[in-house]
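To start, the structure under review is shown below, and the notes come after it.
Chain naming here is simple, since letters A, B, ... match the order of the sequence lines and numbering starts at 1 in each.
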2 protein chains.
Amino acid sequence: MLVKSEHAITNADRTFFKLRKDIVEGVIPAGSKLSEMELSTKYEVSRAVIREAINRLATCHLVERKANVGARVVALSPEGLIQLYQVREALEGMAARLAARYMSDDEIADMQALLDSHFDKVKDGHSYYQEAGDVDFHYRIVTGSKNDHLISVLIDGLYHLVRMYRVQLGMAGPRVSTAFDEHRHIVNAIANRDEELAEMLMRRHILYSKNNIEKKLNHG
Amino acid sequence: MLVKSEHAITNADRTFFKLRKDIVEGVIPAGSKLSEMELSTKYEVSRAVIREAINRLATCHLVERKANVGARVVALSPEGLIQLYQVREALEGMAARLAARYMSDDEIADMQALLDSHFDKVKDGHSYYQEAGDVDFHYRIVTGSKNDHLISVLIDGLYHLVRMYRVQLGMAGPRVSTAFDEHRHIVNAIANRDEELAEMLMRRHILYSKNNIEKKLNHG
DNA sequence: TAGCCATATATTGTCGACATTAAATAAGCA
DNA sequence: TGCTTATTTAATGTCGACAATATATGGCTA
């Protein structure tokens with residue numbers, strides 16, 4: 001995979017991206033059935049294109065498909081969210097460790113600068129940048145690991161599910177300044193090439209996020 | 001995904017399994033090109049079926065596909081092997097942690113019995129069971145995590161790549177008795193519900209395997 | 001001769017029609 | 001009436017043909 005949405009060359013690519021967007025953002029409701037015929041008329045492509053798109057979505061765990069029956073958008077559940085964050089903790093923890101090992105000094109400097117600019121914006125009350133900043137940060141760490149498996153599983157797969165939970169359960173969340181502090185600490189550990197600390201801090205960071213979201217799920 | 005090869009109902013399923021088997025076992029050489037027409041005649045199915053199979057293989061990272069160009073079997077490289085084991089360390093470490101949390105007492109007892117039988121066989125010199133036993137053990141841990149993402153990424157994805165490296169680089173490896181001791185320690189930690197230790201031991205176990213294979217790659 | 005451009009060829013991408021399967025419905029029997 | 005079974009229906013699975021794209025070939029110009 002690892003297809004960047006910018007140079008989506010084939011028609012199936014574009015349809016895949018559109019479908020994924022609509023699922024993540026709830027335009028197509030979670031748990032609903034995906035009819036190939038219906039979608040092929042709606043998105044104005046042949047069934048073969050829709051089928052390929054659905055197959056790709058299935059490998060991202062955004063839809064589940066049964067042979068001779070059809071595909072459904074995944075249902076969002078507390079258990080699903082917990083499982084998602086368990087895997088994030090493992091993978092992004094390792095990503096932080098590898099980023100501390102493999103990122104170049106320039107990449108680290110860039111990431112620090114990015115963090116500064118994000119912090120300024122959040123400090124000034126631009127809450128819009130909050131999630132975008134979070135996403136940017138995690139992307140840098142993951143790509144900084146230089147590990148193709150980590151990159152594809154997280155960026156092409158899990159992150160879309162994470163966004164789906166965020167969007168549809170409406171948790172842009174507070175935890176802004178504290179999260180930024182945690183980001184800062186992680187980057188410092190990476191700059192110091194302290195793999196052990198980088199992994200530990202990233203795992204804690206994700207655990208805190210999970211706890212925060214769980215609290216919202218239960219009390220809100 | 002999570003399609004068990006036993007009840008592969010559709011034709012695309014069967015073709016997918018056959019193709020995957022031939023790639024993992026080197027019948028189709030690593031790095032070679034996959035022609036849709038050629039394969040459709042060879043496996044006696046239509047191109048659509050082959051295309052779907054190839055798409056699925058691409059998400060398993062067993063083949064790489066380029067738009068309008070075609071698909072190639074992945075090339076085996078030392079870097080690829082290292083990246084693979086980095087992800088295994090993270091995911092299986094977490095799997096061991098979750099197994100210590102979620103496996104039932106019965107499941108743990110079963111796993112201990114399995115380990116006993118495997119140990120007896122290996123002790124008696126049945127080297128055939130060595131890899132099978134290793135595979136069995138790791139499967140139990142992963143499924144014991146009760147985490148669908150872990151299960152699918154590892155069992156449907158990475159393990160086939162691992163097997164591809166093992167088969168094609170011919171590393172059934174020694175490390176038999178030591179590996180079984182490590183397995184025993186991990187199971188003990190799980191039986192004691194010691195999540196921390198279970199994860200640490202599993203990570204070490206996989207690190208040792210990686211170092212062992214790396215040594216072979218360099219010196220052999 | 002070397003490099004570039006146009007053509008030719010072969011492969012992948014896309015489509016609509018047919019085959020097959022699962023579910024929904026209706027009929028038959030106890 | 002209630003359940004089982006046959007039929008219908010509507011979806012997915014599969015196929016072969018056509019369109020679009022990339023590579024290979026050949027010719028032209030400097």
Seminar exercise, completed: Picking from C:dT14, C:dT12, D:dT12, the nucleotide nearest the side-chain atoms of A:Val49 would be C:dT14
Exercise. At under 4.0 Å between heavy atoms, what does B:Ile54 touch on the DNA or RNA strands: base, sugar-phosphate, or nothing?
Worked result: nothing
Exercise. Which nucleotide in the list C:dC15, D:dT14, D:dT23 gets nearest to the side chain of B:Val69?
Worked result: D:dT23
Exercise. Under 3.5 Å, is there a donor-acceptor pair linking the side chains of A:Asp134 and A:His183?
Worked result: yes
Exercise. Looking only at side-chain N and O atoms, does A:Thr10 come under 4.0 Å of OP1 or OP2 in C:dT14?
Worked result: yes
Exercise. Starting at the 5' end of DNA chain C, which residue's closest nucleotide do you reach first, A:Ala67 or A:Glu44?
Worked result: A:Glu44
Exercise. Does NZ or CZ of A:Arg88 lie under 6.0 Å from the centre of the six-membered ring of A:Tyr85, at an angle within 45° of the ring axis?
Worked result: yes
Problem set entry | From CG (B:Leu84) to CD (B:Glu79), nearest 0.5 Å | 13.0 Å
Problem set entry | Shortest side-chain distance from A:Ser35, nucleotide among D:dT12, C:dG13, C:dT12 | D:dT12
Problem set entry | Protein-nucleotide distance (A:Leu39, atom CG; D:dA11, atom P), rounded to Å | 12 Å
Exercise. Using a cut-off of 4.0 Å on non-hydrogen atoms, how would the nucleic acid contact of B:Ile50 be classed: base, sugar-phosphate, or nothing?
Worked result: nothing
Seminar exercise, completed: The nucleotide from D:dT12, D:dT21, C:dC15 with an atom nearest the side chain of A:Ser46 is C:dC15
Problem set entry | Separation of atom NZ in A:Lys33 from atom P in C:dA22, rounded to whole Å | 14 Å
For this session: Mind calculating the distance between CZ (B:Phe16) and P (D:dT14) to the nearest angstrom?
Result: 14 Å
Problem set entry | Rounded distance in Å - CD (B:Glu64) to C1' (C:dT12) | 18 Å
Exercise. Under 6.0 Å between the ring centres of B:Phe137 and B:Phe180?
Worked result: no
For this session: Give the rounded distance in Å between these two atoms: CG of B:Asn55 and C1' of D:dT14.
Result: 16 Å
Exercise. Would a distance-only check, ignoring hydrogens and angles, find a side-chain to backbone donor-acceptor pair under 3.5 Å from B:Asn147 to A:Gln83?
Worked result: yes
Exercise. Are B:Arg51 and C:dG13 close enough that a side-chain N or O sits under 4.0 Å from OP1 or OP2?
Worked result: yes
For this session: Provide, to the nearest angstrom, the distance between the CG atom belonging to B:Asp13 and the P atom belonging to D:dT12.
Result: 16 Å
Exercise. Does A:Asn68 or B:Met37 map to a spot on DNA chain C nearer the 5' end, using the closest nucleotide for each?
Worked result: B:Met37
Exercise. So, is A:Arg65 close to the D:dG13 phosphate, meaning a side-chain N or O under 4.0 Å from OP1 or OP2?
Worked result: yes
For this session: In whole angstrom, give the distance that lies between atom CD of B:Glu52 and atom P of C:dT12.
Result: 17 Å
Seminar exercise, completed: B:Arg47 atom CZ is separated from C:dG16 atom C1', nearest whole Å, by 15 Å
